[in-house]
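Keep in mind it's a predicted model, so treat the numbers as computed, not measured.
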Amino acid sequence: MPELPEVENFKNYIDETSLHQKIAAIQIAAPELLINTTIDILRDTLTGNAFEDTFRHGKFLFIRLQKNGFLMLHFGMTGDLLYYTPDKKYPKVYVLLIQFENGRNLAFSDQRRLGKIGLVKNVESFIEDRGYGKDALKISLEEFIVLFQKRRVAIKTALMNQKIVAGVGNEFSDEILFQSKVHPESKSNVLPLEKLKEIYQHMLAILQEAIEQNADRNKLEHYFFLDHRKEGLKCPECKGETKLRTIGGRSSYFCPSCQKLYT
DNA sequence: TGACTTGTTCAAAT
DNA sequence: GATTTGAACAAGTC
């Protein structure tokens, strides 16, 4: 599931493959993913244009165009990118296909179609209008503490709320709380200051390492819950059994003996 | 067959 | 008004 590190990885992928090339044509296979634009406007804007650079905020990726603002991509649950030379081997399924003048294609695929595609004039006002919080890698400790001290919801729910801090999803929130030894149902506003600080530090460390490893789960084996999302496993710390519980409408895995519940 | 999965948004409740 | 809760969406798996 694309969370912040995966989206950063997509950003790097576009930087390495798709910048400064004239777009010859585009194909749109899933118009229902478009927000604040239409097929015609998107086609008119992108054709003859080029990608200049990229910017990530939380799980959103913005690609600056040579003219007329930014192309915005959100990867939902199953979004993926592939840059390739079209030939018979690639009957690539896509929701948006960018065909460059050099003959290469960039395909945005999204099996479950929970992604989003849009045009954005101004990234800062897009983020502000929609009420998203600071990016998880850019928020300061002080800002983090102020926000989390006033939320009464479960800490896991707060961490996943993009309007508080942007970029953390279900899977990374489980790992952050496991490393911090905090039960996911602990109320955010009752956590001791020291614990909030630990959560903040683990959030940064885990996200940063995942980015360094290109969000490759095989290289994150030492992270217990990122590697094993199952109930009834042996916790590597205490050898107790891991539990599954629905928290904030999302499945949450945790170790009930290592992760302390603050009420 | 239908329950379950996730990121986001919306409506309703507090 | 701000915050919280829960349902809805899609489409695939089991």
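- Distance check: A:L159 CG to A:F144 CZ gives 5.5 Å after rounding to the nearest 0.5 Å.
- With hydrogens and angles disregarded, a donor-acceptor distance shorter than 3.5 Å links the side chain of A:D110 to the backbone of A:G115.
- At a non-hydrogen distance threshold of 4.0 Å, A:R151, A:R152, A:V153 from residues 149-167 of chain A come into contact with DNA chain C.
- How far CG of A:L261 is from NZ of A:K187: 9.0 Å, rounded to the nearest 0.5 Å.
- When each of A:F10, A:F126, A:F51 is paired with A:F62, the ring pair (Phe, Tyr, Trp, His ring centres under 6.0 Å) condition holds for A:F126 and for no other.
- Taking CD1 from A:I127 and CZ from A:F55, the interatomic distance works out to 5.5 Å, rounded to the nearest 0.5 Å.
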Generate the contact string for nucleotides 8-14 of chain C. Rules: B means base contact, S means sugar-phosphate contact only, - means no protein heavy atom under 4.0 Å. BBBB---
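- Looking only at distances, a side-chain donor or acceptor of A:E175 sits under 3.5 Å from a matching main-chain atom of A:F225.
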Show me the side-chain donor-acceptor pairs of residues 24-34 of chain A shorter than 3.5 Å, one per line, residues at least two apart or across chains.
unit_1: A:Q27; atom_1: NE2; unit_2: A:Q99; atom_2: OE1; d: 3.0
unit_1: A:E32; atom_1: OE2; unit_2: A:R113; atom_2: NH1; d: 2.9

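- If you run side-chain hydrogen bond (donor to acceptor under 3.5 Å, both in side chains) between A:S180 and each of A:H202, A:Q259, A:K197, only A:H202 comes through.
- Between A:E185 and A:R245 a salt bridge is recorded (basic side-chain N to carboxylate O distance below 4.0 Å).
- Extent of DNA chain B lying under 4.0 Å from chain A heavy atoms, first and last nucleotide in 5' to 3' order, is B:dT5 to B:dT9.
- Residues from residues 128-137 of chain A with heavy atoms under 4.0 angstrom of DNA chain B, sorted by number: A:R130, A:Y132.
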Just distance, no hydrogens or angles: give the donor-acceptor pairs under 3.5 Å from side chains in residues 233-241 of chain A, sequence neighbours left out.
unit_1: A:K239; atom_1: NZ; unit_2: A:P236; atom_2: O; d: 3.3

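- What separates CD of A:E185 from P of C:dT4 is a distance of 16 Å, to the nearest Å.
- A donor-acceptor pair shorter than 3.5 Å can be found between the side chains of A:K156 and A:N170.
- A:T78 places a side-chain N or O within 3.5 Å of a backbone atom of A:Q111 that can act as its donor or acceptor partner.
- Among the heavy atoms of the strands, none lies under 4.0 Å from A:K116.
- Ionic pairing of A:K195 and A:E198 is present here: one or more N-O contacts between side-chain nitrogen and carboxylate oxygen are shorter than 4.0 angstrom.
- One atom, CG of A:L147, and another, C1' of C:dT3, lie 13 Å apart when rounded to the nearest Å.
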